[in-house]
Amino acid sequence: MATMCSLISTLFHSSSSPSSFSKPIIPKSLKFPIINYDNTHSTLNPSKSSLSIFSSSSSSSSSSSALDSFVIVCTSLALSLTLVFSNPLSASAFVVNTPRKLQSDELATVNLFQQNTPSVVFITNLAVKQDAFTLDVLEVPQGSGSGFVWDQDGHIVTNYHVIRGASDLRVTLADQSTYDAKVVGFDQDKDVAVLRVDAPKDKLRPIPVGISADLLVGQKVFAIGNPVRWPDSIFGLDHTLTTGVISGLRREISSAATGRPIQDVIQTDAAINPGNSGGPLLDSSGNLIGINTAIYSPSGASSGVGFSIPVDTVSGIVDQLVKFGKVTRPILGIKFAPDQSVEQLGVSGVLVLDAPPSGPAGKAGLLPTKRDAYGRLVLGDIITSVNGKKVNNGSDLYRILDQCKVGDEVIVEVLRGDQKEKIPVILEPKADET
């Protein structure tokens with residue numbers, strides 16, 4: 001607009017200057033050729049006849065200059081009135097926005113985020129607390145995390161540690177609608193939980209489920225979730241996307257609830273921020289390949305190594321939780337000593353601390369650790385192998401049991417004193433948890 005006003009002002013001043021027309025500067029030696037109608041040529045001497053020509057046209061050019069000046073003044077006045085009384089926001093109509101050009105990989109990432117974001121939810125963990133002064137019972141948030149829609153029946157999958165200790169749970173969908181959630185079931189050993197919300201089916205978009213058996217180190221992965229919700233902020237309701245690659249496969253971490261190892265975990269360098277736990281880990285096709293569950297970082301920030309539970313493990317757990325409300329997993333029915341205690345004895349294996357008579361190991365005759373009549377400690381059986389597979393620590397024992405089913409008979413080899421014995425044990429299901 002400033003450029004337009006400058007141009008009008010220039011035209012106005014140049015047109016309103018009568019000297020440019022009334023006093024032409026012509027060299028005396030210059031001669032103009034004159035073409036007559038009879039095609040004869042003659043020369044015009046500016047010192048004589050040409051001056052009469054300019055003097056005769058000066059009156060007409062001055063009247064034309066005045067008319068031009070009047071038109072320019074009217075135009076300038078109209079533009080000024082338009083700028084004063086017009087809406088300034090309409091000036092954006094003069095701005096031409098060129099479309100942003102994205103590379104093919106950028107477009108794929110944008111499309112992946114837009115298509116899968118409606119499947120990711122925000123979970124608020126509420127706890128009942130009593131005010132110390134008024135004794136009023138209040139329901140306050142004690143944690144938050146992410147989850148994703150499993151099916152159109154309202155099932156939501158997340159981590160168990162996200163809902164642990166909650167008296168009530170609320171799930172916020174991508175359109176910011178909030179629903180109370182009920183716990184369908186959970187598996188503490190694998191850190192997986194299933195919730196259910198009564199939401200309209202048109203608001204529930206299940207996430208596409210892939211497979212994790214054929215993953216390769218180096219392939220791209222994408223983590224979607226909700227960062228921690230800070231006080232007086234809606235930051236926790238915004239979805240975030242982080243990208244990375246698969247850094248390693250078949251890793252092993254321990255469950256935060258029970259300490260039981262989780263095998264075949266996916267390691268990734270995609271940032272898993274606090275609050276993103278329970279969110280999906282996707283491949284480049286937008287299919288679910290894992291649940292973001294933990295980070296290993298000395299500082300506690302997302303700069304460390306991220307871990308995700310593989311979808312092949314999650315699918316089997318979710319199916320059992322939806323159908324039965326619990327996971328049927330075989331157990332020996334023992335309590336064993338920490339691995340460091342057994343190492344101090346100079347042996348490898350699992351030291352049995354307790355074997356209740358009602359449990360599988362107690363029924364089979366495994367001996368627990370106890371004290372004799374004089375108060376001396378008598379070590380129990382030390383499990384060295386199960387079904388011929390060597391057991392060096394508790395993780396090895398859990399890994400072998402995860403490959404068995406309820407009702408299977410396993411041969412447990414134990415070190416009892418200085419003797420080795422093989423004892424058959426029938427595995428039983430884990431007791432119900434509330």
Side-chain angles (χ1 to χ4, degrees), residues 119-121 123 125 145-164 166 169 171 181-197 206-215 223 225 249-267 272 276-283 287-294 306-331 395 397-408 427-434:
S119 302
V120 183
V121 302
I123 300 174
N125 183 330
S146 304
F148 51 88
V149 180
W150 184 260
D151 54 32
Q152 286 195 323
D153 293 331
H155 292 110
I156 307 295
V157 178
T158 185
N159 286 140
Y160 168 72
H161 73 261
V162 172
I163 68 167
R164 185 177 185 180
L169 296 164
V171 172
K182 296 180 180 179
V183 178
V184 175
F186 53 83
D187 183 6
Q188 297 186 53
D189 294 334
K190 302 299 181 182
D191 199 20
V192 177
V194 177
L195 312 178
R196 190 177 185 278
V197 295
I207 198 165
V209 179
I211 58 176
S212 56
D214 58 352
L215 296 178
L249 295 170
R250 292 179 291 277
R251 299 294 191 248
E252 182 178 296
I253 61 175
S254 298
S255 170
T258 64
R260 187 162 180 161
I262 306 174
Q263 292 88 23
D264 299 328
V265 173
I266 303 169
Q267 176 185 332
I272 301 177
N276 282 6
S277 292
L281 185 71
L282 309 173
D283 60 12
N287 296 321
L288 176 71
I289 59 174
I291 300 180
N292 303 321
T293 185
F307 296 101
S308 298
I309 304 173
V311 69
D312 292 347
T313 301
V314 173
S315 297
I317 295 173
V318 171
D319 290 343
Q320 291 191 57
L321 292 176
V322 171
K323 292 179 181 179
F324 309 111
K326 61 181 181 180
V327 174
T328 304
R329 184 171 288 114
I331 60 170
S395 296
L397 179 61
Y398 281 130
R399 190 180 299 108
I400 295 171
L401 293 177
D402 283 341
Q403 299 172 0
C404 301
K405 298 180 180 179
V406 174
D408 288 351
L427 301 179
E428 296 182 5
K430 192 175 182 178
D432 293 342
E433 298 168 344
T434 58

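Start at 1 with the first residue, then count along the sequence.
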Rounded distance [0.5 Å steps], [atom1] in [X] versus [atom2] in [Y]:
X      : Y      : atom1 : atom2 : answer
His155 : Leu195 : NE2   : CG    : 9.5 Å
Leu281 : Asn287 : CG    : CG    : 11.5 Å
Lys326 : Leu321 : NZ    : CG    : 11.0 Å
Ile123 : Phe148 : CD1   : CZ    : 9.5 Å
Thr158 : Asp191 : OG1   : CG    : 8.5 Å

State, to 0.1 Å, how close [X] and [Y] come at their nearest heavy-atom pair, and which atoms those are.
X      : Y      : result
Ile317 : Val327 : CG2-CG2, 3.8 Å
Thr328 : Val406 : CG2-CG2, 3.4 Å
Ala193 : Phe186 : CB-CB, 3.8 Å
Ser146 : Gly225 : OG-CA, 3.5 Å
Gly210 : Val311 : O-CG1, 3.5 Å
Ile331 : Leu427 : O-CD2, 3.7 Å

State, with a plain yes or no, whether a side-chain heavy atom of [X] is found less than 4.5 Å away from one of [Y].
X      : Y      : answer
Lys190 : Arg329 : yes
Trp150 : Leu288 : yes
Val314 : Val209 : no
Ile156 : Val149 : yes
Thr293 : Ile253 : yes

Can you run down the side-chain hydrogen bond (donor to acceptor under 3.5 Å, both in side chains) pairs that involve residues 308-325, sequence neighbours left out, and say none if there aren't any?
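Passing the test, one end in residues 308-325: Ser212-Asp312, Asn292-Ser308.
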
Using only atom types and a distance under 3.5 Å, with no angle test, would you say the side chain of Arg196 pairs donor to acceptor with the backbone of Asp153?
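Judged by distance alone, yes, a pair lies under 3.5 Å.
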
Indicate yes or no for a side-chain donor-acceptor contact from Asn125 to the backbone of Val162 under 3.5 Å, with no hydrogens or angles considered.
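Pair found, side chain donor or acceptor close to backbone of Val162.
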
Would Leu282 and Ile207 count as a side-chain contact (heavy atoms from CB on, under 4.5 Å) if you check the C-alpha gap in whole Å, the side-chain angles of each, and the deciding distance to 0.1 Å?
CA-CA 10 Å; Leu282 309 173; Ile207 198 165; 3.7 Å; yes

Taking Pro310 as the fixed residue, which of Ile289, Ile211, Asp264 is the one that meets the side-chain contact (heavy atoms from CB on, under 4.5 Å) rule?
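Only one option passes, and that is Asp264.
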
Which residues pass the side-chain contact (heavy atoms from CB on, under 4.5 Å) test with Ser395, not counting sequence neighbours?
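With sequence neighbours excluded, Ser395 shows a side-chain contact (heavy atoms from CB on, under 4.5 Å) to Glu252, Pro261, Asn393, Arg399, given in chain and number order.
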
